[in-house]
Amino acid sequence: MPNKTISVRIDGELVTAQEGQTILEAAHAHGKQIPTLCYLKGLSAVGACRVCMVELAGTDRLLPACTTPIQDGMSIKTASEKLTLYRRMAVELLLVERNHICSACVSNGHCELQSMAQSLGITHVRYSYNNPHLPVDMTHPRFVLDHNRCILCTRCVRVCAEVEGANVWEVASRGIYSRIVSDLKDDWGQARNCTGCGKCIQACPTGALAEKGFSVMEMVKQSDSVSRLAAQRTHQANGALERFGMCLQARPEQAPGAAVPRPFPRSQSSRMCSGLVGLHPPDRGLSRRHRRKLSGPLTSRPS
Amino acid sequence: MPRILDIGTFNAVRESGLAKLLPAIPRIAVGMGTCGRGNGAEELYHALNESIQRSGMDVLLTGVGCFGSCFQEPLVSIRLPGHPLLVLRHVQANDAARILESLSTQTMPADLVYCKIEEWDHITGYVRYGQGYPDVPPWNAIPFFKGQKKIVLRNCGLINPSDIEEYIGVGGYQALYKVLIDGRKESVIEQIKASRLRGRGGAGFLTGNKWDFLAKAKADIKYIICNADEGDPGAYMNRNEIEGDPHSLLEGMIIGGYVMGATEGIIYVRAEYPLAVRRLNRAIEQAREYGLLGTNILDRGFNFNIQLVQGAGAFVCGEETALIASLEGFAGRPHPRPPFPAEKGLWGKPTNINNVETWCNIAPIVSRGPAWFAETGSVKSPGTKVFSLVGKIQNTGLVEMPLGTPLKSFIYDIGEGAIAGRRVKAVQTGGPSGGCIPLEMLDTPVDYESLAQIGSIMGSGGMVVMDEDNCMVDVARYFIEFTHSESCGKCVPCRVGLNKALRILNAITEGSGSAEHLGLLDELGRMIRECSLCGLGQTAPNPVLTTIRHFREEYEDHIVAHRCRAGVCQELALSPCENSCPLRMNIPRFLELYQEGRLEDAFESVILDNPLPASTGRVCQHPCDNRCRRQSFDEVVNMREVHRFLADAIYQSDLFEPMLERIRALKLASTGRKVAVAGSGPTGLTAAFYLAMLGHDVTIYEERGEAGGMLRFAIPEYRLPKSVLRRELDLIEGIGVKMQFNTRVGFDLPLNDLASSFDAVFLSIGTWKESWLYLPGTELKGVYPALPFLESVARHEKVAMGSRVAIIGGGNAAIDSARSVLRMGANVTILYRRERKDMPAIDEEIQAAEDEGVRFVFLAAPHRILGGADGNVKAIEIVKTRLGEYDKSGRKRPIPTDEVQRFECDSVILAVGETFDLDFCRASGLELKEEGTIAVDRFSFETSRAGFYAGGDVITGASNMSNAMSGGKQAARKIDERLMGPSLSGDARWDQLFPEFEYSRQAPGEPSLSRRHTAHSVPAEVRVRSQEEVVAGLDPEEALEECRRCLRCDLRAAVNTH
Ligand code: SF4
Ligand code: SF4
Ligand code: FES
């Protein structure tokens, strides 16, 4: 079913979009950048971080670009003083909520939260730090979950459920006490479903989920690969189902064939062998050596 | 059980239902809602049952839901055949026998009778109970019900909710019958649309449009859901609606199901409402039996089922997408919309969600038509809304009012105003995410748009009334704490933003707020409101944003002055009495010190807090009394009399000189700074005392020939003997304050001269100018303004009064004048335009005046003064007033009537208020405010001119003694801070003034059980004939006993930390 073409304005520019696209997708399709944190292309959008808010001209309402379907005739403003203020505040709030001590983080220099803060010009935070005492789950043989760095974007939850199909992750508790948990709040090491594919690691925007054995600044992630794969799988699945006259009900209503922009351009090319993502058999308990081989040359370092 | 298949069976059931409502035997119905049960309805029911069994009478005993007036529970309604329904209130189990007896005698216990109902419009039907009981007011003459219109609550409290036949008896399920017979689904939707009914859950979306979406959605299965997940603290309308009339909800849903093409209905109800769940289950069961639910409803081939699902009590599940997630078995977290439930709801199928109250409106609209519905309420918000009116108000309960009714009708008409002796300050509408509306805005009509405009919301209909005892910062903190703990945590603004807001509010209420906090809070609130994902987050900041908007001063008080006027924020107050004392005297400390037998220490503690303890001990309005916790036990501690006693004990003995030495020794080293104080009234004396203690060289300039201001020249001798005041002045002069008399600042001594010879000037001039009332006849001889009159009396000057004197006014000056006139041997009448309880004068003084023989005429406004040919006053004419609406002061406005009365009199005293003579200020570059007071910074007391400060009446307008002194005390501290700069030694200079006292920090194991000791008045007949002081203080024994009555609330903090 071909999607209807509609015309919209983004930052004053008259452009076309496909019906069913979100504001974010339409903007990306025309090379417009809107900051995002919880969004990861290919996964369903949840609208959790609220940094992608945009203004709808003619109203004083703000809309999350990642979840709002674009409609014919909409005029969207992606940048304004107010938007910058609110985006900054959202990032500031994330920075004070837990313990984001970049100088001691594996993801320092490669962290989406950090680069978002930089690009928004955040030099200090105005709220007091919460300094919560949060545990680090080291029970998995190859990976680690550090709650101190988690921003609850739920990218791990979604990639695990929607791409890997393992449903290891969930969010437990509520409000400020929300935590990412594996299985029924077990240690990750005990999670029976975990295939050890590592997609959550790659999807995680911060140092919350990381591979073991990395030191400060060493954990470089490949979220765009996960997202490419995810997009491809949805597409394929839809294709397969269409042959039976059905369409995958999964939430991401991706516009097939839309360009694949990189939300956060990275200088390094993919270092993830396709085997690791998705198509790999359960690889829990892979040996360190094996893992390192899979991780490729960038991670080699004195052992 | 008859299954209703056709109109014949339907009518038969209707008849039998009506027969239960209007039986040929007496019917007794007990209000058995949760509110009734909480007040003992169950015991009452059993007691009645037993009495009936025992007496063997033929009586129909049944239970009904809540009739709305929860403050009168338990309610019982009684109907004797042919008579009106009689509603009894506050009925207890032990009244059962009495009630049964009265059935035979036909005279109801008068103390229990509340109102009667002769006929009732059930909207879907009409019931005539009968005529009679001429002495009993009809229900809608009772203030609580007057103006209410019961559409949603049409059956509540009248029919037995567990009996479907009674519901059918009052016309229930007829609307459904009609819809099914007609079979024109679109026309029903059109009707709902035309009625412009709006969702009663809070957002106010047009119900008809919502229905239309679902009707048009194409899907094999559609769901309709009733949202009964009412989670607001203080709101319980849905609970009572279900408990009182569950079928009304079911009927609405079945109609909705039919016209929207749904076959499944779900009621999502809180598990915390066990009674509602039980009644609903029973109702569903009965509806099935009668063929109104299930398959082939009313034999029209329509199938519809209703399922009950109990929610686990998460507030966020009131949000429709979270509710759906919860129904699907997921955690209750909202999803972004779109997609809206109407496209993709429960199990991905089109779904319609409406609130209980919305569903309850359906049957009436269908049976009476949209035009009838739109007659009530406002154009944009037709119909009624049920509110739960709670908080600091006389009448609480569920009220159903037309939308668009002004807020003040709720407070003053339905609620009958604040609880005795208090003033309404604000109303919070819309539950925890609503806004606080200040008293000044009570004209706001209660509808969706108007409330939104002032930053609040309709919400589900909570209405919490607050008075001066509520701290608005604490209110905001409380609600944020609630929404914070209920946030699902999905989106950042709500999860982290509310957490930060809560922490900031905590800091402010604990006294560690900073100036930036207010800005941060405001910004945070806006961001959370605009950026959150669901309604919870989007509305959660409302309490903060509205309190910042309307009660900014309270925030500033907390942050800058560490002051919580309401005395709620515990960290900012030592004890309730200390917090309510304008001088913030450490009351428990002096009570304890004296109790330990340390008179001098106790006095030292007193004098350092309050430099005029003997005078305040006699004339202070003693606000401390209002807050003393002992009042919940017996009577408040008489703190004022104790410090009066302590002062007298020192001043009238040879302890005075050594005491003076002791206080002098506490003075800080001389600073070499010179400060001038203009005016020697309570404010000026207080400021001078503290400034001198702080080591400054202080000179008071006084216009008159003696010091004391109002204390000396306005308060009569019999209340405050001059000899007492003299001792207080001795002490102040004794610590080095210099006084310059007969010098009028601004005239004899220009401000510029002061500026050049002093480092700081403090202006504390009293309100000596009497406001003049422009009445015909005020130019006559024998008309006196009160203050000059009192001053002449104080100077022992002769004033010609004649033998009959009329006094106009209700303040302390009016009472003082009256009692002074009495002592001159004349007759006095006080004319006041409101009622006694509205008089601003101190209550004891009014009482004393009455005892002495002053006559009072209330509700009397002066009209004109009549004179004789000689130009002397002959009589005064007054207009009787009646009390109208409440004004901004929370008192009823006096409105003149046509009735004029005449009082013969020889002179008239006008005591209608005081102002100042501040012309000199204007000339010397001091900015004045519109009200004519000097403009100062609220916290630093600086005027617009550098080096000049002002405090007391001159900045607040006429006030009372302790308030005036408090101005002087605070100003002295600020002046010192400004003169000396920040202290380098760490310890603020101010704090150095106050020595540490060692005294027991142990709560009294057993506080004294004795009653409050009051001072002894000289008998009225004796005292009117003399100028002698009329109230003798406590004796040492009594004072000691009074000290022992203190509960030591100041120790709370210490207890908490253990
Ligand atoms: S662990 Fe990472 S991916 Fe998962 S919620 Fe936290 S920040 Fe997001
Ligand atoms: S606003 Fe609050 S409750 Fe609503 S989604 Fe966000 S975190 Fe959850
Ligand atoms: S990217 Fe849209 S809300 Fe996070």
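Given the structure is predicted, the values throughout are model-derived calculations rather than measurements. We name chains A, B, ... by the order of the sequence lines, and we start the count at 1 in each one.
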* So does B:Lys216 pair up with B:Glu343, basic N to acidic O under 4.0 Å? -> no
* Contact part of B:Glu516 toward chain A, heavy-atom cut-off under 4.5 Å: side chain, backbone, both or neither? -> neither
* A:Ser173 versus chain B, heavy atoms under 4.5 Å apart: side chain, backbone, both or neither? -> backbone
* State plainly whether the residues B:Arg270 and B:Glu230 are in salt-bridge range, i.e. N to O under 4.0 Å. => no
* To do: Could you look at B:Ala314 and say if it's the side chain, the backbone, both or neither that has a heavy atom under 4.5 Å from chain A?
  => both
* To do: Please state whether the side chain, the backbone, both or neither of A:Met89 comes within less than 4.5 Å of a heavy atom of chain B.
  => both
* Asked: Picking from A:Leu63, A:Val51, A:Leu85, A:Thr68, which has the most non-hydrogen pairs under 4.5 angstrom with chain B?
  -> A:Leu85
* B:Cys531 versus A:Leu62: any side-chain heavy-atom pair under 4.5 Å? -> yes
* Asked: Does B:Arg337 come within less than 4.0 Å of B:Glu320, counting only side-chain N to carboxylate O?
  -> yes
* If you count the non-hydrogen atoms of other residues, nucleotides and ligands that lie under 6.0 Å from CZ in B:Phe205, is the total more than 12? -> yes
* Side chain, backbone, both or neither: which part of A:Asp60 has a non-hydrogen atom closer than 4.5 Å to chain B? -> backbone
* Asked: Which one of B:His484, B:Glu523, B:Arg526 has the most heavy-atom pairs closer than 4.5 Å to chain A?
  -> B:Glu523
* To do: Run through B:Asn352, B:Leu327, B:Val309 and flag the one making a side-chain contact (heavy atoms from CB on, under 4.5 Å) with B:Ile225.
  => B:Leu327
* **Atom group of A:Glu92 that falls short of 4.5 Å from chain B, counting heavy atoms** => neither
